[in-house]
Amino acid sequence: MIRVRRSGPLSGTVGVTGAKNSVLKLMAASLLASGRFTIRNVPRIADVRWMGELLERMGATVAHDGDVLTIDVPDTITPEAPYELVERMRASIVVLGPLLGRFGEARVSVPGGDDFGHRPIDMHLKGLEDLGATFTISHGYIEGRADRLRGAGVLLEYPSVGVTENLLMAAVLARGTTVVDNAAREPEIADLAAFLNRMGSGITGAGTSTITVEGVDALHAVEHTVIPDRIEAATYLAAVGMVGGRITVEGARADHMDMLISKLREMGVKLESSPEGLTALAPDRLRSVDVATLPYPGVATDYQPLFMALLAGADGVGIVTENVFGGRFRYIDELVRMGADIRAEGHHAVVRGVGALSGAPVRAPDIRAGAALVVAGLAADGETLIGGAHHVERGYQDLVGNLASLGADVAYA
Ligand code: UD1
């Protein structure tokens with residue numbers, strides 16, 4: 001349980017860890033070569049621990065010392081991702097590409113739905129089929145086979161992050177050239193491509209919507225430093241936006257957060273980027289804006305709950321449109337319990353800013369909604385008690401400690 005009391009203005013400097021959504025894929029990519037991988041700037045969070053468990057189950061040895069993760073990958077592994085691990089973390093589906101690429105076989109539990117609703121994997125399978133893999137699904141498992149994958153043109157129906165990643169990891173060891181069109185452009189994709197290229201692959205265009213992969217025969221283990229977590233950085237910026245103040249988020253990369261910065265500026269936050277990071281100066285109360293989530297470089301869906309919290313307290317009316325995940329509004333009722341005036345219909349939510357929220361016991365349904373409830377609690381009268389704190393710990397190494405270091409009244413209860 002996380003306890004938050006009305007706080008602010010915030011002040012001081014806070015750092016961010018490496019990006020969760022990048023490191024999980026780099027860990028999967030390590031299956032593409034044997035030897036010792038050293039990955040730096042790795043957050044100590046549950047998702048990293050679980051991906052480590054999955055790699056260990058396959059036969060790798062994983063150690064996390066400070067922020068350095070070492071993965072020793074043997075020559076042969078058991079290419080299987082069991083139900084109890086995939087069920088905990090759907091991102092494990094990204095082992096499918098590397099397993100098929102290197103070992104020509106994979107047995108991966110079908111991930112179920114989650115708090116964002118129905119989460120299909122059709123595009124993962126279709127993209128890998130374009131490279132020559134075949135799949136059968138039985139007893140809750142996807143069984144994939146491929147002799148050696150062959151390069152092909154793959155046109156994605158939607159620029160899915162996970163599908164783009166799975167395809168890159170499958171294509172690097174395929175025979176010939178793969179061109180992925182309508183690829184996702186998130187900074188984490190470019191980080192994965194940098195990691196794979198360091199391993200010896202030939203990827204160009206990562207970060208744009210057309211990515212070309214020249215297949216190679218073998219890859220080797222490498223060292224790599226993960227890019228900073230833009231969602232964690234956004235969380236601290238939202239916190240100062242909620243209650244005002246002046247903070248610096250050390251290590252935040254403005255070039256990965258252009259749209260967020262532009263939206264926060266529209267709301268009245270002054271933001272300056274320097275080699276050190278991002279400095280934000282926020283007034284007591286922000287102005288409302290409309291926000292619509294989209295694939296990168298649009299407003300990230302992972303920022304959406306943070307914007308909802310900001311708009312709940314802001315001056316005016318804002319419309320939030322969620323275009324990426326069907327069921328990502330489920331936490332709204334928790335904000336309403338805190339006095340927010342939000343009406344959701346389909347994938348639109350109308351948020352009328354109420355100024356002061358009111359502290360209440362609430363429940364975090366997922367990582368980012370949990371963080372948004374903590375942020376909302378900073379501007380709420382009395383005490384907000386957030387249950388389901390383990391969700392928050394999946395994605396943040398020390399959200400509570402970091403917010404407290406900025407002067408927020410937040411602690412574990
Ligand atoms: C990743 C991030 C997640 C982020 C999301 C969008 C990780 C671990 N997670 O998730 O935090 O919110 O990107 O930026 O990196 N879809 C299909 N069929 C498929 C695959 C996806 O219909 O086969 C749909 C999804 O249901 C969703 C949309 O595509 O509606 C986008 O999902 P995707 O980009 O794949 O997100 P993830 O990679 O799962």
Side-chain angles (χ1 to χ4, degrees), residues 19-22 24-25 47 89-91 93-94 111 113-121 123-124 156-166 182-192 207 209 227 229-238 241 256-264 266-267 289-312 318-335 342 344-351 364-376 391-392 394-396:
K20 167 182 93 73
N21 286 353
S22 185
L24 296 176
K25 321 310 167 58
D47 273 22
M89 189 179 58
R90 328 183 67 262
I93 189 77
V94 292
D114 67 2
D115 291 306
F116 303 171
H118 177 51
R119 305 239 345 222
I121 51 158
M123 291 196 289
H124 289 266
L156 300 186
E157 197 177 322
Y158 180 93
S160 150
V161 173
V163 172
T164 304
E165 291 164 337
N166 244 335
N182 199 22
R185 290 185 276 167
E186 272 70 1
E188 292 75 21
I189 305 273
D191 200 29
L192 173 64
S209 21
I227 56 168
D229 197 314
R230 61 198 167 101
I231 323 282
E232 187 188 4
T235 307
Y236 303 130
L237 297 178
H256 291 170
M257 305 171 71
D258 287 332
M259 188 57 77
L260 178 96
I261 290 172
S262 141
K263 278 285 160 192
L264 288 177
E266 237 184 284
M267 295 181 84
V289 291
D290 292 342
V291 178
T293 66
L294 280 174
Y296 192 86
V299 176
T301 172
D302 288 344
Y303 299 150
Q304 182 254 99
L306 296 170
F307 276 110
M308 195 77 76
L310 287 175
L311 291 170
I319 297 171
V320 178
T321 303
E322 171 58 59
N323 291 310
V324 180
F325 288 108
R328 206 166 184 172
F329 274 166
R330 295 184 182 173
Y331 67 95
I332 286 180
D333 288 343
E334 303 300 303
L335 279 176
I342 306 175
E345 189 71 50
H347 65 129
H348 301 288
V350 177
V351 193
D366 66 72
I367 306 175
R368 307 304 168 188
L373 291 170
V374 173
V375 166
H391 287 294
V392 174
R394 284 189 57 170
Y396 294 87

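Fair warning: this is a prediction, and the values are worked out from it, not measured in the lab.
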Enquirer: With a 4.5 Å limit on heavy-atom distance, are the side chains of L264 and F307 in contact?
Expert: yes
Enquirer: Specify the closest pair of heavy atoms between A364 and H391, including all atoms of both residues, with the distance to one decimal.
Expert: O-CD2, 3.0 Å
Enquirer: Between A372 and A309, which heavy-atom pair has the shortest distance, and what is it?
Expert: O-CB, 3.7 Å
Enquirer: Quick one: side-chain hydrogen bond (donor to acceptor under 3.5 Å, both in side chains) pairs with a partner in residues 229-238, sequence neighbours left out?
Expert: T17-E232, E188-R230, E232-Y236, T235-Y396, Y236-N402
Enquirer: Which heavy atom of A344 sits nearest a heavy atom of I332, and at what distance?
Expert: CB-CD1, 4.0 Å
Enquirer: Give the minimum heavy-atom separation between L24 and A91, together with the two atoms involved.
Expert: CD1-CB, 4.2 Å
Enquirer: Starting at CZ of R330, measure out to CG of D366 and round the result to the nearest 0.5 Å.
Expert: 10.0 Å
Enquirer: For the pair V291 and M308, evaluate side chain to side chain contact (heavy atoms under 4.5 Å, CB included) and give the outcome as yes or no after the intermediate values.
Expert: CA-CA 9 Å; V291 178; M308 195 77 76; over 6 Å; no
Enquirer: Between T301 and R368, does a side chain to side chain contact (heavy atoms under 4.5 Å, CB included) hold up when you go through it step by step?
Expert: CA-CA 10 Å; T301 172; R368 307 304 168 188; over 6 Å; no
Enquirer: Between T164 and A184 (side chain of the first, backbone of the second, donor and acceptor by atom type, cut-off under 3.5 Å), is there such a pair?
Expert: yes
Enquirer: Please round to the nearest 0.5 Å and tell me the distance separating atom OH of Y303 and atom CG of L260.
Expert: 5.0 Å
Enquirer: For N166 and I93, indicate whether the former's side chain and the latter's backbone hold a donor-acceptor pair under 3.5 Å.
Expert: yes
Enquirer: Please give me the minimum heavy-atom distance between I342 and A349, naming the atom from each residue.
Expert: CG2-CB, 4.0 Å
Enquirer: Is there side-chain contact between K25 and D191, with at least one heavy-atom pair below 4.5 Å?
Expert: no
Enquirer: Listed by chain and number, what are the side-chain contact (heavy atoms from CB on, under 4.5 Å) partners of A238, not counting sequence neighbours?
Expert: L306, L310, V375
Enquirer: For a quick test of reading the model, state the closest non-hydrogen atom pair linking N21 to E165 and the distance between them.
Expert: O-OE2, 4.2 Å
Enquirer: Residues in salt bridge (Lys or Arg N to Asp or Glu O under 4.0 Å) with R185, at least two apart?
Expert: none
Enquirer: Among residues at least two apart in sequence or on other chains, which ones pass side chain to side chain donor-acceptor pair (under 3.5 Å) with Q304?
Expert: E322, Y331
Enquirer: State whether the side chain of D47 and the backbone N or O of G395 hold a donor-acceptor pair below 3.5 Å, judged by distance alone.
Expert: no
Enquirer: State which residues pass side-chain contact (heavy atoms from CB on, under 4.5 Å) with A190; sequence neighbours excluded, sorted by chain then number.
Expert: none
Enquirer: Can you tell if the side chain of T293 reaches within under 4.5 Å of the side chain of R328, non-hydrogen atoms only?
Expert: no
Enquirer: Are any of the side-chain heavy atoms of K20 and R394 separated by less than 4.5 Å?
Expert: no
Enquirer: Could you tell me if the side chain of H347 sits less than 4.5 Å from the side chain of T321, heavy atoms only?
Expert: yes
Enquirer: Does any N or O in the side chain of N323 come within less than 3.5 Å of the main-chain N or O of L294, such that one atom is a donor and the other an acceptor?
Expert: no
Enquirer: Taking side chain as C-beta onward, heavy atoms only, is F329 less than 4.5 Å from V320?
Expert: yes
Enquirer: In chain order, what residues pass the salt bridge (Lys or Arg N to Asp or Glu O under 4.0 Å) check against E266, with sequence neighbours excluded?
Expert: K263
